[in-house]
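Reading through the structure tokens given below for one structure.
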Amino acid sequence: MATYLDGLNERQREAVLHKDGPLMIIAGAGSGKTKVLTTRITHLMAHHHIDAFNILALTFTNKAAAEMKERVEKILGNSEARNLYIGTFHSVFARILRSEAPKLGFPSNFTIYDTDDAKSVVKTVINELHLDDKHYKPNQVYNRISSAKNALVGPAEYMNDYGLQQEDARTNRPMIGQIYDAYSKRCFKNGAMDFDDLLFKMYILLKNFPESLHKFQHKFKYIMIDEYQDTNTAQYEIVKLLGAMHENVCVVGDDAQSIYSFRGATIENILQFENDYDDVKVVKLEQNYRSTKNILKVANEIIGNNKGQIEKKLFTDNSEGDKIKLVRTMTDNDEGKMVADAIQENKLRNHYFNQDFAILYRTNAQSRSFEEALRRMGIAYRIYGGTSFYQRKEVKDLLSYLRVVVNPRDEEALKRIINYPARGIGKTTIDKAILFANEQNLSMWDVLCNAAMYGFRSGTLEVIDDFVTMVKMFQSELDKKNAYDIANMVGKNTNLVKELFNDKTTEGLARYENVQELLNSIKEFTETPSNEEDGEVGDKSLGAYLQQIVLLTDADQGDQENTDVVKLMTIHAAKGLEFPVVFVGGLEETLFPNAMSINTREELEEERRLFYVAITRAKTKLYLSYSNARYRFGQLQQNDPSRFIEEIPEQHLDKSYAGASARNNATSPGLRGNAFERMSKGFPSSNQAAQYSRPGANPEPTKPAYAIPARPQLKEHTPSENFEASDTSNLQAGQKVEHQKFGFGVVAKMEGAAHNPIATINFENNGEKKIMLNYAKLRIIAE
DNA sequence: GATTATATGGTTTTT
DNA sequence: CCATATAATC
């Protein structure tokens, strides 16, 4: 048998070797899910000689897709993997729709609206229907439209559905259906699809065009779906259609990690998979290779409070590990300090690097206090998520020009750039143009092209004509120049780049750099050879570029220069990742579980799954923290500890841990005992309220920003001249070693899993330390 | 019509 | 606290 099968356990192997027919892999956290998926793809190709062109693998993030592709490539050792169709639902469907769009009446170069664009269209439409946007909040309306699409409910069906109408009547928003209808029509007129359309229209395509359905059914003989528990109705139905011919559908998921119901995901998809096909093979991966026993036990305990799960019990052969550290702080700023101190301490004491730490939180807004603390301590970090590079104003401005060049019907982009840089086409002119366009059922661009017909003032007419001429000039270059050259030309001719260049403020400089980075990214796109698909040459046009990048998130930005950084992200963003040391912050009522999600059992259970996801990201160390009060909307707000904390068995908790700041707090006047002791004995919150309720009062007694943690003094060791890290894979107790920082010592004991061995070493000058061999540099001196 | 000052109101999670 | 929307002023 092929060597790539060697590293698999029995269950994993069973899944990999299953060739034809539906397969469901229930993969617990850290059970080697990606490994199984990639090995299975490899096996199909290498052993069964399935053509890469016939394999489709769908993921939820670009990162997951890239990783899969890379790993298959690595095992295979040739470039065949490039021909695999691996990508996110959205990007794969966007690619397919690009070639099939004309069937649906859309241009191939259709624009993909990001959430901001889409909300802006919703707002326009609301106003045009003479509805009050204070009552019909664009945000909420958009969410409702989004849910409808994800449930495959079109505008007509929406307006005719009794239940939906009742619901909207009850909230006093009876016109949402009409807004939805107008929104769809406007998007169509603009030649644009939003994120949800990429699924919705894909479904329409397969449903209404049998020849298309047949074509793709035939092409995708083997289908694999990652994170199946997070699929929504649209995705579910598409997969069903695509897989109907061969029924070689393999889904991988974990019902315990379903955390996207707000995006329309229905956990039913995975719970019911066995009923969807005959003879479904089910494989459960229950051995966890990631976490310590302590971490896993807590995770199991937590998730056990949910009901209605697919039965499974995760276990691990890994070591017991430390107890979970639970820390309470007074404010969110203290929480930040505590975490930063703990990171510093772990780096010194246990020889960790920045990259070994992740700070996870429920909401993006929580990143602030962690950032500040890390910056103060001089610890390099990076925030994942939040606004993506492509959403930044200056970047989006240039992109909007390019969008207009590629698809002049794109009204959102047009409105954005028509007067930027200022050229004298103001609000009145724009409103007028849109009004004419709506009356004549034309696009705004059409009106501008024939501006003379609509009675603009002569001065205005002139600037409009200049603008139109310029855009047309760009368009005429589309076929002659590559994407990068066009982008460059646009940047120059519009003075956009120059304007930013002349801004010498720090922010201006950053903006200029961002635009340069955008140009670089376009250049890179044009120059990277793409995989050929079924003989089609990879599409390197500007249109293809634009469609591709909207689907990129911040996390997909290629890993930059500095990779040794502490990572900060929401728990959602952390799904699928793992880190040696994990901090989960903000374990407070109203925050986590979030106040928005405690009204039904379902919501609460999803929050709990989210907590489960957070815990199971940790390999060796897990810190949980919560704060007595935190700033929200600029004001200090009190919160009770999260109910999830009570669900953790006492014997797995270490409540004594406190970083420097927390210790400082414990000595605050009038407080006795450590934080948790006070809290758990029915801590009188009224006391605290009195202390903190005055807005504007500084809640913290002034503390030095650089509180030095009281940690054991490290006797620095200068490595010997011939110091060189040895291969420690066979390190035994009794051997004498030299450590870069801790000096000379003797190995007392070996423990930990094979892939993550931990040595306990007695150092001459620094006492006993636990050293993780994966990270430490040790020189073996003698046995 | 453009630039600047003030008000308002909003936070869950994301492709 | 922050970002965006509206008002006020040039």
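Within every chain, numbering begins at 1; the chains are lettered A, B, ... in the order of the sequence lines, protein sequences first and strands thereafter.
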Taking [atom1] from [X] and [atom2] from [N], how many angstroms apart are they, rounded to a whole number?
{"X": "A:Ile598", "N": "B:dT13", "atom1": "CD1", "atom2": "P", "result": "16 Å"}
{"X": "A:Asn150", "N": "B:dT13", "atom1": "CG", "atom2": "C1'", "result": "14 Å"}
{"X": "A:Ile267", "N": "B:dT13", "atom1": "CD1", "atom2": "P", "result": "21 Å"}
{"X": "A:Ile464", "N": "B:dG1", "atom1": "CD1", "atom2": "P", "result": "11 Å"}
{"X": "A:His90", "N": "B:dT15", "atom1": "NE2", "atom2": "P", "result": "9 Å"}
{"X": "A:Phe89", "N": "B:dT15", "atom1": "CZ", "atom2": "P", "result": "14 Å"}
{"X": "A:Lys575", "N": "B:dT12", "atom1": "NZ", "atom2": "P", "result": "20 Å"}
{"X": "A:Asn139", "N": "C:dA3", "atom1": "CG", "atom2": "C1'", "result": "13 Å"}

Contact between A:Tyr381 and A:Arg375 at the side-chain level, heavy atoms closer than 4.5 Å - yes or no?
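Yes, close enough: below the 4.5 Å cut-off.
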Which of these nucleotides, [options], is closest to any side-chain atom of [X]?
{"X": "A:Asn594", "options": "B:dT14, B:dT12, B:dT15", "answer": "B:dT12"}
{"X": "A:Arg263", "options": "B:dT15, B:dT12, B:dG1", "answer": "B:dT15"}
{"X": "A:Lys123", "options": "C:dA5, B:dT14, B:dT15", "answer": "C:dA5"}
{"X": "A:Thr88", "options": "B:dT15, B:dT14, B:dT12", "answer": "B:dT15"}

Indicate whether OP1 or OP2 belonging to [N] is found under 4.0 Å from a side-chain N or O atom of [X].
{"X": "A:Asn364", "N": "B:dT13", "result": "yes"}
{"X": "A:Ser261", "N": "B:dT13", "result": "no"}
{"X": "A:Thr570", "N": "B:dT14", "result": "yes"}

Tabulate protein N/O versus nucleotide N/O from nucleotides 2-9 of chain B, keeping only pairs under 3.5 Å, one per line.
{"from": "B:dA2", "atom 1": "OP1", "to": "A:Asn419", "atom 2": "ND2", "distance (Å)": "3.1"}
{"from": "B:dA2", "atom 1": "OP2", "to": "A:Asn419", "atom 2": "ND2", "distance (Å)": "3.4"}

Atom C1', compared across C:dT4 and B:dT13: separation rounded to whole Å
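Roughly 22 Å separates the two C1' atoms.
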If you measure only the distance, is there a donor-acceptor pair under 3.5 Å linking the side chains of A:Asp334 and A:Thr329?
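Note: A:Asp334 and A:Thr329 side chains miss the donor-acceptor criterion.
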Is the closest side-chain donor-acceptor distance between A:Thr266 and A:Asn269 under 3.5 Å?
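Present: a donor and an acceptor within the cut-off.
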Pick base, sugar-phosphate or nothing for [X], based on heavy-atom distances below 4.0 Å to the nucleic acid.
{"X": "A:Phe60", "answer": "sugar-phosphate"}
{"X": "A:Tyr260", "answer": "sugar-phosphate"}
{"X": "A:Thr115", "answer": "base"}
{"X": "A:Asp114", "answer": "nothing"}

Once rounded to the nearest 0.5 Å, what's the spacing between atom CD1 of A:Ile238 and atom CD1 of A:Ile223?
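Taking CD1 in A:Ile238 and CD1 in A:Ile223, the distance rounds to 11.0 Å.
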Would A:Lys393 pass as a cation-pi partner of A:Tyr420, given that its NZ or CZ must be under 6.0 Å from the six-membered ring centre and within 45 degrees of the axis?
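Positive - A:Lys393 is close enough to the ring of A:Tyr420 and near enough to its axis.
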Within 45° of the ring axis of A:Tyr384 and under 6.0 Å from its six-membered ring centre, is that where the NZ or CZ of A:Arg382 lies?
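Judged by the rule (NZ or CZ under 6.0 Å from the ring centre, within 45° of its axis), A:Arg382 counts as positioned above A:Tyr384.
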Which residue in the set A:Thr231, A:Thr233, A:Asp196, A:Ile145 passes side chain to side chain contact (heavy atoms under 4.5 Å, CB included) when paired with A:Asn150?
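Among A:Thr231, A:Thr233, A:Asp196, A:Ile145, the one meeting side chain to side chain contact (heavy atoms under 4.5 Å, CB included) with A:Asn150 is A:Asp196.
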Given that A:Arg457 and A:Leu199 both sit by DNA chain B, which one's nearest nucleotide is further toward the 5' end?
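Looking at DNA chain B, the more 5' nearest nucleotide goes with A:Arg457.
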Starting at the 5' end of DNA chain B and moving along, which residue's nearest nucleotide shows up first, A:Thr428 or A:Glu603?
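Counting from the 5' end, the first nearest nucleotide belongs to A:Thr428.
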Side chains of residues 258-265 of chain A: which donor-acceptor partners sit under 3.5 Å, not counting sequence neighbours?
{"from": "A:Ser261", "atom 1": "OG", "to": "A:Glu606", "atom 2": "OE1", "distance (Å)": "2.8"}
{"from": "A:Ser261", "atom 1": "OG", "to": "A:Glu606", "atom 2": "OE2", "distance (Å)": "3.2"}

